[in-house]
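Heads up: the structure comes next, in structure tokens.
Keep in mind it's a predicted model, so treat the numbers as computed, not measured.
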Amino acid sequence: MTDTSSCLSATADAYDAVAVRYAEFVRGALDRLPMDRSVLAAFAECVRAAGGGIVGELGCGPGHMTAHLRELGLDAYGVDLSPVMIDLARRAFPGLRFEVGSMGALAEDDAALDGVMSWYSVIHAPPREIPSYMAEFHRVLAPGGHLLLAFFESEGDPVTPFDHKVTTAYRWPIDDLAGLARDAGFAEIGRMLREPQEGERYRRGHLLMRKQ
């Protein structure tokens, strides 16, 4: 087993083990996060303004964010490594499409999607793997397609591992992550940083990009 497949398997197993509790934890979380909702709304508006089309939420967990994208008028579906998460998503949102898979090796054809969202999912990828993930996002997006990344920001430090409650994750300098996206062929549209709220430990980063 390669280091990459070992990491993917460990991440899937970790989320399988906590899937039910995780789904309960995130239920209704957006209700108290107005800045996050504004970023999601901006992403949805950009996709719709470019003509709409299919949007993949990569690392969708129990499906709540995919459902939110649908509420914002997007033709969204979800992909996740964890079979248990996908089962929960399908039961909670039976009208939506959810698939087990890796966001680093998607089943989609080249240029098949008009939007890609990674909402706190690239955080578990080892830093050396991030360029290949960016390349995959670029591959599946149509020209002019939009990418939204949400992650934990490192607040002046370099890329830093931390004790995420599920499995090892990384905090990123927003400029470094934006640079890797740019190297993969994305142009930055905008970014948002917000400070941690009560019960949160770290600053949150958001990048909205467009495939050139």
Is a side-chain N or O of [X] found less than 3.5 angstrom from the main chain of [Y], in a donor-acceptor match?
X    : Y    : answer
D80  : C60  : yes
K211 : G144 : no
S9   : C7   : no
E200 : Q197 : yes

Checklist entry - If we only count heavy atoms from C-beta on, is the R204 to P196 side-chain gap below 4.5 Å? => result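 R204 vs P196: side chains apart.
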Next on the checklist: Within the structure provided, determine whether L30 and H68 are in side-chain contact (heavy-atom separation under 4.5 Å).
Outcome noted: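 In contact.
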Shortest non-hydrogen contact between [X] and [Y], atoms and distance:
X    : Y    : answer
G205 : L193 : CA-CD2, 3.8 Å
V79  : I86  : C-CD1, 4.4 Å
H206 : F151 : N-CE2, 3.9 Å
P173 : D157 : CG-O, 3.4 Å
A12  : L81  : CB-O, 3.7 Å
G53  : D75  : O-CB, 3.6 Å

Checklist entry - Would Y120 and H164 count as having a side-chain donor-acceptor pair, cut-off 3.5 Å? => result no
Next on the checklist: Could you check whether E136 pairs with R139 (Lys NZ or Arg NE/NH1/NH2 to Asp/Glu carboxylate O, under 4.0 Å)?
Outcome noted: yes
With rounding to the nearest 0.5 Å, note down the distance linking [atom1] in [X] to [atom2] in [Y].
X    : Y    : atom1 : atom2 : result
I130 : L180 : CD1   : CG    : 7.5 Å
L8   : S102 : CG    : OG    : 4.5 Å
I189 : L148 : CD1   : CG    : 10.0 Å
M117 : L208 : CE    : CG    : 12.0 Å
T167 : H124 : OG1   : NE2   : 6.5 Å
L113 : L147 : CG    : CG    : 11.0 Å

Checklist entry - Relative to each other, are the rings of F93 and F98 parallel, tilted or perpendicular (30° and 60° limits)? => result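 F93 vs F98 ring planes: tilted.
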Item to check | Y22 and Y15 aromatic ring geometry - parallel, tilted or perpendicular at 30°/60° bounds | outcome: perpendicular
Next on the checklist: Run the side chain to side chain contact (heavy atoms under 4.5 Å, CB included) test on V47 and V55 for me, step by step, so that the C-alpha distance in whole Å, both residues' side-chain angles and the decisive distance to 0.1 Å come before the verdict.
Outcome noted: CA-CA 8 Å; V47 174; V55 174; 3.9 Å; yes
Item to check | CA sep, side-chain torsions, deciding dist, call: F137, V122, side chain to side chain contact (heavy atoms under 4.5 Å, CB included) | outcome: CA-CA 11 Å; F137 299 162; V122 295; 4.0 Å; yes
Item to check | A181: side-chain contact (heavy atoms from CB on, under 4.5 Å) partners, not counting sequence neighbours | outcome: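 Expected list: M134, F186, M209.
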Next on the checklist: Please determine whether side chain to side chain contact (heavy atoms under 4.5 Å, CB included) holds for the pair M192 and L207, giving the CA-CA distance in whole Å, both sets of side-chain angles, and the decisive distance to 0.1 Å.
Outcome noted: CA-CA 7 Å; M192 189 270 279; L207 285 166; over 6 Å; no
Item to check | Intermediate values then yes/no, side chain to side chain contact (heavy atoms under 4.5 Å, CB included), L58 and V116 | outcome: CA-CA 7 Å; L58 311 183; V116 162; 3.6 Å; yes
Please check if [X] and [Y] belong to a single hydrophobic cluster, counting links between Ile, Leu, Val, Met, Phe, Trp and Tyr side chain heavy atoms closer than 4.5 Å.
X    : Y    : value
L40  : M35  : yes
V159 : I174 : yes
L88  : Y77  : no

Checklist entry - What pairs of residues pass the side chain to side chain donor-acceptor pair (under 3.5 Å) test when at least one of them lies in residues 36-58, not counting sequence neighbours? => result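 Qualifying pairs: D36-R194, E57-T66.
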Next on the checklist: Under the side chain to side chain donor-acceptor pair (under 3.5 Å) definition, can you give me all pairs with a residue in residues 145-156, not counting sequence neighbours?
Outcome noted: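 Sorted pair list: E153-R203, E155-R171.
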Item to check | W172, Y170, Y202 screened by ring-ring contact (aromatic ring centres under 6.0 Å, His included) with F162, the one that passes | outcome: Y202
